[in-house]
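Here's the structure, in structure tokens; my notes come after.
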Amino acid sequence: MSSRLLVTGGTGWVGSALVERLARVERHHVRALTRRAGGRFVGGVEPVVCADLAGSADLSTLVAGCSLVVHTAARVHVMRSRAADDPTAFHRVNTLATERLARASAAAGVRRFVFVSSIKVNGEQTSPGAAFTANDVPNPQDAYAISKHDAETALCRVAADTGMQVVIVRPPLVYGPGVRANFAALLRAVARGTPLPLGAVRNRRSLIALPNLVDFIATCVAHPAAANQTFVVSDGDDLSTPGLVRCIAAALGRSPRLLPVPEALLRAGAALVGRRAAIDRLCGNLQIDNRKASDLLGWTPPVGVDEALRATVQAMDRR
């Protein structure tokens, strides 16, 4: 049976894909919250503008009549931005706005609140052979991750105070058609045939394709067992960084150009130019254990890595 849902970040990359899935496939009545007017939506979607969830606007009208809320809107980390690590801005948008929306939702009778958090709440890296789980002690290490962890804590307080169900989803890096930032830069480098000094890296990293994340969020919206649970979720097929380059190259119909530069030399060079964090992401491990999602919800990723990367590359070719 269809319900009325509010999805925040309705014109964002994840939010817009989720709105389309919930409206077109799940047949829900979707209210899509955006920061500005002008977004294009499938039929049956009700766009609503709210520029600042943390501000003084009355949020009760946004959630009125909704039984479910999916909160995807967030301030994300922006590389090379002077304000990227501003704790105050992250706290305001990611923590205060989330709690404010949750309390308005509970007061309006919303039954379930699904929050898209981040695997960075668990930490930045895993040890070789280990994987993050939803039961790990949180270890957020930058302003963005701390703000997400604080939002999760606030949501648990709201759930305890009001009885509203809360579901927390911590995805890793998301890729798919329209992906931007570092993943898009890697796609372009492989497409150009740029030699990449990553051939000697022996790490393992979990990623999640956009359709898999959207499918999991839709599962959390509907599944009774998701109530008051936290999930870490991925494609379930971990790749090394050179393995990812080879998969991208295969999707492009090219041969990968990987140079076997020793990892120690890569890290030394990165430290000299102030890019230590970037090389940590390329060389470090970050693995996720999907078993809770599988055992509790019966969820498996519907799209494989090869298929998802082909779709990502095809979308890049169309731009």
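Values reported hereafter were calculated over all heavy atoms of this structure, with side chains retained and with hydrogens, waters and symmetry mates removed.
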Is it true that a side-chain atom of [X] and a backbone atom of [Y] form a donor plus acceptor pair closer than 3.5 Å?
{"X": "T219", "Y": "D215", "result": "yes"}
{"X": "R254", "Y": "A191", "result": "yes"}
{"X": "N228", "Y": "Q165", "result": "no"}

So, for [X] and [Y], which heavy atoms are closest and what is the spacing to 0.1 Å?
{"X": "S206", "Y": "I288", "value": "OG-N, 2.9 Å"}
{"X": "T241", "Y": "R205", "value": "OG1-CD, 4.5 Å"}
{"X": "C283", "Y": "R267", "value": "CB-NH2, 3.4 Å"}

Between [X] and [Y], does any side-chain donor sit less than 3.5 Å from a side-chain acceptor?
{"X": "Q287", "Y": "T126", "value": "no"}
{"X": "S3", "Y": "H29", "value": "no"}
{"X": "N94", "Y": "S147", "value": "yes"}
{"X": "Y175", "Y": "D235", "value": "yes"}

Find out whether the Lys NZ or Arg CZ of K120 is both under 6.0 angstrom from the six-membered ring centre of Y144 and within 45° of the ring's axis.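 Not satisfied by the 6.0 Å and 45° rule.
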Above 12 or not: heavy atoms from other molecules or residues under 6.0 Å from CZ of R157?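 Yes.
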Side chains of T11 and F41: does their closest heavy-atom pair fall under 4.5 Å?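 A side-chain contact exists here, since the closest heavy-atom pair is under 4.5 Å.
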Is any side-chain heavy atom of H28 closer than 4.5 Å to a side-chain heavy atom of R4?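 Sidechains of R4 and H28: no contact.
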Kindly compute the distance separating CZ (F115) from OG1 (T8), expressed to the nearest 0.5 Å.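 Rounded to the nearest 0.5 Å, the CZ-OG1 separation comes to 9.0 Å.
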